[in-house]
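Let me begin by presenting the structure, written as structure tokens, before commenting on it.
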Amino acid sequence: MKLVTQVLTETVAGAFEKCGYEKVFGDVLVSDRLDLCQFQCNGSFACAKQFRKAPFIIAGEVVKRLKENSIFKTVEAVSPGFINMTLTDEYLLGVLLQIAQDRHIGIPQIENPETIILDYGGPNVAKPLHIGHLRSAIIGEALKRLARATGRKVISDIHLGDWGLQIGLVIAELEQRNPTWKCFCADFDAQADTVAGLNVETLNEIYPFASKKSKTDELFKQKADRVTYELQNGRAGYIALWKEIMRVSIADLKKNYESLNVDFDLWYGESDAEKYVGALVDTLGGKGLLRESEGAMVVDIAEEADTAPIPPVIIKKTDNSNIYATTDLATIIQRQKDFDPDEMWYVVDKRQSLHFTQVFRCAKKAGLVPENTKLEHLGFGTMNGSDGKPYKTRDGGVMRLSDLLETIINAAYEKISASAYASQTDQKEVARKIGIAAIKFGDLSNHRAKDYIFDIDKFLSFEGKTGTYLLYTITRINSILKKVNVSSDTPVSFSDIYTDAERSLILTIILSGEAFQHAVNEKAPNYVCENAYQIAAVFSTFYHDNYIVSETDEAKKATWIALCILTRKLLLKHLDILGIEAVESM
RNA sequence: GCGCCUGUAGCUCAGCAGGAUAGAGCAACUGCCUUCUAAGCAGUAGGCCGGGAGUUCGAGUCUCUCCAGGCGCGCCA
């Protein structure tokens, strides 16, 4: 269905045209002065300039035409030239009913859905998830759901870091510790020989250890580089061990992402792009883009308009092994071949923006994707501690994602245990949902590209503008529906608007479509958060002012219940898009 | 050095397709649980939107400049 502002824009644009002006001046916005009106049009000012006439006069002429329209309760020209509009209650109720009956509850659908590959998550195998991985997962998941909710086709890919030096480091360290393992023998036979079993704990411990060691121990670093190269070139023993690392690590990752309610269509990794590296090098070579520089093979991507020197992309390192630009480019070839997408979005730390500039330019230059394919890096900011520096645990280490979740979920559990409303059976599950909601909403309500201060106490309080508040609002609605014995999927109807609080709620619900539109255009889930909070807050006022269960006027009561049902449905939709699960009671 | 990003209330942040009185939450202070969950509601107080200049009828929002902070700048990802 059409957005209300869109319908009004057409109406007002028509009025401008009838008055002899141009339609472009008819843009209608949600009023920023809700005390004066619901919608406004400021086109008279620009129109005044062009037609050399006072804005107030023009607004007056347009308003005269608009008054012929019965959808307005009031429509007036206000000095110095605003056009202020307020819709009739009948009209609002009509739109509300449309939303209630719309398959997409008023979320605008795109006409020509594009196919988008969404690359987020990006964890490294053999490396425990820490809070640095949180944002990519949360933001990427929300963007995926948001894009899908507005009709787009999205294919999500976790893009595992499973093929670079980090694997070489782990294998090198394993080899030093267990030199007798069969997989390290030159004559390892993948058919006959088996690999020693690994577990997550070992892997989690070994990577930080090896990484640190490589910085001080030059010989070890050289060994890791050699292992990386040999792995990428198919040494059987290393491949077999790598497969074991992958098996253990992916199982653990799946568990972690599942607990965050994050899931991927594709569990591809850098290693899956390996088979396209040959094609990449051929293409680049064939187009004469590849050149040797300081022992490495590179592609120049600097452009004349650049305000800063942009270094070339390294395709092959001095030792002929691949680097992340290589696999990213090879991955683009793979994605183009498999899905022919219209867009590729990368939800990756904003500090990598130079890297993506290089990769995207190289991809375009080499014709790896059609000219009009959009390649976009959606960078996000760092999660800092209250000291403004990257978040650390008390002892200065990097905080494990699982530890963070546990802390918050435990706090939620304590609160739940004290509640009179929580059912005894699923308190653990309810606590988990509340904890995840708190973390996700806290993250997503910040602007994506900005760094933000992560204050764990703020999350533990479960008060104010939080994910908890949204879940709480829904449980209140659930409670009412239970008391009046009405199912949440009962078809709704609305007889009238009885109170101001109600009108505010209705208007907020109606304007949700605009919020979703804005969110998807800007690829900014924080608009969804803001809108969800608005709905919940306005509902809470309405809830506080009017007692629904005890209402004796049947028509009024039925309308209010209908409002509860619709509010609940819409809030659930917001939460779903944010990747947050609701609870029945808490 | 060059480039990118950020600077809004005591704190954490929205707002940045330019519009009429700059919004939340937390913290502080007042009220409200014998009617639907007080994880709530209502209210008070708190701002030269980093400084300066410009564009505009109109700037927190656009441009320039200065200041402060963060980040990035070839073989890690």
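Order of the sequence lines sets the chain letters (A, B, ...), proteins ahead of strands, with each chain counted from 1. Only heavy atoms go into these numbers, but all of them, side chains included; no hydrogens, no water, no symmetry mates. Because the structure is a prediction, the values reported are computed rather than measured.
Judged by atom type and distance alone, A:Thr382 does not reach the base of B:G70 through any side-chain donor-acceptor pair under 3.5 Å. Judged by atom type and distance alone, A:Asn84 reaches the base of B:A20 through a side-chain donor-acceptor pair under 3.5 Å. For B:A24, the base has no donor-acceptor partner in the side chain of A:Glu530 [N/O atoms by modelled type, under 3.5 angstrom]. Taking 3.5 Å as the limit, the base of B:A39 and the side chain of A:Tyr472 contain no donor-acceptor pair of atoms between them.
Where A:Tyr547 and A:Glu270 each meet RNA chain B at their nearest nucleotide, the meeting point lying more 5' is that of A:Tyr547. Where A:Ala308 and A:Gly388 each meet RNA chain B at their nearest nucleotide, the meeting point lying more 5' is that of A:Ala308.
Across the strands present, B:G10 finds its partner in B:C26; the criterion is a Watson-Crick or G-U wobble pair with both atom distances under 3.5 angstrom. Nucleotide B:U34 forms a pair with no other nucleotide shown, judged by Watson-Crick or G-U wobble geometry with both contacts under 3.5 Å. Base pairing of B:G46: no nucleotide in any strand meets the Watson-Crick or G-U wobble criterion (both distances under 3.5 Å).
Around atom NZ of A:Lys213, more than 12 heavy atoms belonging to other residues, nucleotides or ligands sit under 6.0 Å away.
Here the nucleotide nearest the side chain of A:Asp451, chosen from B:G70, B:G74, B:C73, is B:G70. Minimum atom distance to the side chain of A:Ile416 is reached by B:A39, of the listed B:A39, B:A77, B:A14. Among the nucleotides B:G74, B:A14, B:C76, the one closest to the side chain of A:Lys221 is B:C76. For A:Pro309, the side-chain atoms get nearest to B:C2 when compared with the rest of B:G40, B:U37, B:C2. In this structure, of B:A14, B:G74, B:C71, it is B:C71 that holds the atom nearest to the side chain of A:Arg351.
Rounded to whole Å, the distance from CD on A:Glu292 to C1' on B:G74 is 13 Å. Protein atom NZ of A:Lys127 is 14 Å distant from nucleotide atom P of B:C76, rounded to whole Å. Following rounding to the nearest Å, A:Asp35 (CG) and B:A20 (P) show an atom-to-atom distance of 11 Å. Rounded to a whole Å, the NE2 atom of A:His544 is 13 Å from the P atom of B:U37. In this entry the distance linking CD of A:Gln358 with P of B:C73 reads 9 Å, nearest Å. Going from atom OH of A:Tyr452 over to atom C1' of B:G7 covers 20 Å, rounded to whole Å. Between the C1' atom of B:G69 and the CG atom of A:Asp387 lies a distance of 14 Å, rounded to the nearest Å. Remark: P of B:G74 and CD1 of A:Ile301 are 12 Å apart, rounded to the nearest angstrom.
Nucleic acid contact class of A:Thr475 (heavy atoms, under 4.0 Å, all strands): base.
Residues A:His355 and A:Tyr324 place their aromatic rings such that the two centres sit under 6.0 Å apart. With ring centers used as reference points, A:Tyr346 lies 6.0 Å or more from A:His377. Proximity of the aromatic rings of A:Phe356 and A:Phe360 is defined here by a centroid distance below 6.0 angstrom, and this criterion is met.
Look at the C1' atom in both B:G15 and B:G54: the space between them is 24 Å, to the nearest Å. Taking atom P on both nucleotides, B:A17 is separated from B:U63 by 11 Å, rounded to a whole Å. With both ends at atom C1', the span from B:G58 to B:A20 equals 10 Å, rounded to whole Å. One P atom belongs to B:C76, the other to B:A14, and the distance between them is 35 Å to the nearest Å. Comparing the P positions of B:G70 and B:U30 gives a spacing of 40 Å, expressed to the nearest Å. Using P as the reference atom, B:U61 and B:U55 are 15 Å apart when rounded to the nearest Å. B:G74 sits 38 Å from B:C13 when the C1' atoms are compared, rounded to a whole Å. Taking atom P in both B:G51 and B:G7, the straight-line distance is 13 Å, to the nearest Å.
Under a 4.0 Å N-O distance rule, the pair A:Asp387/A:Lys389 does not qualify as a salt bridge. Of the charged side-chain nitrogens involved, at least one lies within less than 4.0 Å of a carboxylate oxygen, so that A:Lys465 and A:Glu530 count as a salt-bridged pair. Under the 4.0 Å criterion applied to side-chain N and carboxylate O atoms, A:Arg503 and A:Asp500 are assigned as salt-bridge partners.
In this structure, the aromatic ring of A:Phe82 is not positioned over the six-membered ring of the base of B:G19 within 5.5 Å between centres and 30° between planes.
With its glycosidic angle more than 90° from 0, B:C57 adopts the anti conformation.
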